[in-house]
Amino acid sequence: MQKKTEKGTFGYLNCNKILAWKKAAFMLSVPILIFLGAWILKGTRENVMTVVAVVGCLPGCNQVVRAILAGRYASMDRSLYEQIEAVRGDLPVLYENVFTSYEKNYYIECVAVWGREVIGFSGEASLDPKEAAEHIRRMLKNSSYKQRVRILKEPEAFLKQLKKMAQTKPEPVPFHGDDRYPGADRDEIVVHLLQSITL
């Protein structure tokens, strides 16, 4: 059995796309089978099971919308992933992030957390790095974590910055724990919060 790829890991978006379409197919097949079974048994479409089948299609239709949204994004380039892994050291990173907002979505291939810093890279041509950074900063601030967020558009600049961060210690940040996340350090909590606002 294939192991499920977790959110924030390399290959997640491609696995999520396939899984979303499988769920949609399953969720739509159940009401269709109910409808066909009732039609065969009763000899007519005019029965209560037709209503049950129609109402049963609603969750499947909702899943189709999710599958279409997931289908818009593909996993990042493997060579970039390998370059990041070679320089990141022990820095916590999240791959293949689609940060969601009411207005738009921001696809950021990699995000790293380093103390008060959150740095990301996006090769998406239409992405406004300042707008994406402000959205992420605001969402973290809403959860009581003030971070400086930068999104870079050049892979070389991102890799250089990532390597520099991996070789130095971040400025100390006062942190006394968070009751919502017992036992987690500050970076782990920021990573969790970032994951919670992605597709």
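No experiment lies behind these values; they were computed from the predicted model shown.
- Leu94 contributes atom CG, which lies 11.5 Å from atom OH of Tyr12 (distance to the nearest 0.5 angstrom).
- The CG atom of Leu194 sits 5.0 Å away from the CG atom of Leu140 when rounded to the nearest 0.5 Å.
- Using a 4.0 Å cut-off between a side-chain N of Lys or Arg and a carboxylate O of Asp or Glu, Glu171 and Arg148 qualify as a salt bridge.
- Lys164 NZ: 12 or fewer foreign heavy atoms inside a 6.0 Å radius.
- Within the model, atoms CG of Asn105 and CD of Glu124 stand 9.0 Å from one another, a figure rounded to the nearest 0.5 Å.
- Here Leu162 contributes atom CG and Met165 contributes atom CE; the two are 6.5 Å apart, rounded to the nearest 0.5 Å.
- Not a single donor-acceptor pair under 3.5 Å links the side chain of Glu117 to the backbone N or O of Trp114.
- Centroid-to-centroid, the aromatic rings of His135 and Phe99 stay 6.0 Å apart or farther.
- More than 12 heavy atoms of other residues, nucleotides or ligands lie within 6.0 Å of CZ in Phe175, so this atom counts as buried by the packing criterion.
- Using cut-offs of 30° and 60° for the angle between ring planes, the Phe10 and Tyr81 rings count as parallel.
- Environment of NZ in Lys7: crowded, with over 12 heavy atoms of neighbouring residues, nucleotides or ligands closer than 6.0 Å.
- Between His192 and Tyr181, the ring planes are perpendicular. Angles over 60° get that label, and only those under 30° would be called parallel.
- When atom types are taken as modelled, the side chain of Glu109 and the backbone of Gly123 share a donor-acceptor pair closer than 3.5 angstrom.
- Electrostatic pairing of Glu134 and Arg138 counts as a salt bridge here, judged by a charged N lying under 4.0 Å from a carboxylate O.
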